[in-house]
Protein chains: 2
Amino acid sequence: MARPSTTADAFHAIAEPRRRQILGLLATAELPVNDLVTALDIPQPQVSKHLRVLREVGLVAVRGAGQQRLYRLSPAKLKPVHDWVKGFERFWAESFDRLGEYLADLQAGQPGADTPPHKTEGESE
Amino acid sequence: MARPSTTADAFHAIAEPRRRQILGLLATAELPVNDLVTALDIPQPQVSKHLRVLREVGLVAVRGAGQQRLYRLSPAKLKPVHDWVKGFERFWAESFDRLGEYLADLQAGQPGADTPPHKTEGESE
DNA sequence: TTGATATATTCCCGATATGGAATATTATCG
DNA sequence: CGATAATATTCCATATCGGGAATATATCAA
């Protein structure tokens, strides 16, 4: 890799399972770090680090409350992601011709109707 | 990092802008690598490498056609992503109480109603 | 001030992604 | 078979991530 940051955008930020978990938790309520630590059951420093990434990307916002820091969701930055995937909605919305069925096949395994590719066979998933 | 693979899942796979671009192009039509190279205007090996990641994650499928390899979208694996972000839809759907307005403020900058945090100020985005 | 609690940051490390360049592989054609 | 087109893989180098552990910083209480 030689490009600028990486986790510098929402897409990268949510690639981390833990961060998605955090966002999920914050979607419910504004929470202090400690609650997240308890919920995630991972070392506090890690939580703080994940929160930092999320903060820098703008997916969460903080607010000091005494000696605690309450994190809340700041979902705006999630919209681009939503918008992007939404563009593919129709593909699994079935009844898009018989595309749904077709794609199901593809996922299932070797379609059989497909022309056998190179030798590097291995197809999709 | 010490966890298993990384780009091993759809979330990581789509974190790459180029890969999103590829998926976008394949959403339109089944395409040979070369067309992608032309469209993306990046070295062919890079395209192949991105395609490999997408293939391994199951986001695209291939089919040999002569000396070409036609890549097509295999969107099923994108659904989990869609489902996940969809859970946050309501947040920017406005009229969720006056949450919309509230969040807009948060994104805008310092709410003003917020208790000044630590010193590590820097808030959200 | 000292101590306790809550959270953030730093340092070290192994893993790995990604770009670039070169090369290998596969298939078609003559 | 030899040449060429299309695509994949490998090697190298660099950067960053993300975990672990230790430590720093901030806030509150006494």
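Chain letters run A, B, ... following the sequence lines, proteins first, then strands; residues in each count from 1.
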Query - K77(B) NZ to F88(A) CZ distance, which is reported to the nearest 0.5 Å - result: 15.5 Å
Query raised in the report: What distance separates N34(A) CG from R69(A) CZ, expressed to the nearest 0.5 Å?
Result: 14.0 Å
Within less than 4.0 Å of OP1 or OP2 of [N], is there a side-chain N or O belonging to [X]?
{"X": "R69(B)", "N": "dA27(C)", "result": "no"}
{"X": "H50(A)", "N": "dG19(D)", "result": "yes"}
{"X": "Y71(A)", "N": "dA8(C)", "result": "yes"}
{"X": "R19(A)", "N": "dG18(D)", "result": "yes"}

Calculate the interatomic distance between [X] atom [atom1] and [N] atom [atom2]; express it in whole Å.
{"X": "L40(B)", "N": "dT18(C)", "atom1": "CG", "atom2": "C1'", "result": "15 Å"}
{"X": "I22(B)", "N": "dT18(C)", "atom1": "CD1", "atom2": "P", "result": "11 Å"}
{"X": "Q44(A)", "N": "dA26(D)", "atom1": "CD", "atom2": "P", "result": "15 Å"}
{"X": "L54(B)", "N": "dA8(D)", "atom1": "CG", "atom2": "P", "result": "12 Å"}
{"X": "E56(B)", "N": "dT18(C)", "atom1": "CD", "atom2": "P", "result": "12 Å"}
{"X": "H12(A)", "N": "dT18(C)", "atom1": "NE2", "atom2": "C1'", "result": "10 Å"}

Could you list, one pair per line, each protein nitrogen or oxygen that sits under 3.5 Å from a nitrogen or oxygen of nucleotides 28-30 of chain C, together with the distance?
| residue | atom | partner | partner atom | Å |
| --- | --- | --- | --- | --- |
| dT28(C) | O4' | Q67(B) | OE1 | 3.2 |

Report summary line: Angle separating the five-pair end axes of the helix from dT1(C)-dA30(D) to dG30(C)-dC1(D), nearest 10°, is 10°
Enumerate all atom pairs, one protein N or O and one N or O from nucleotides 10-12 of chain C, separated by less than 3.5 Å.
none

**Report entry** Main-chain N/O of A15(B) paired to R20(B) side chain as donor or acceptor, under 3.5 Å
**Finding:** yes
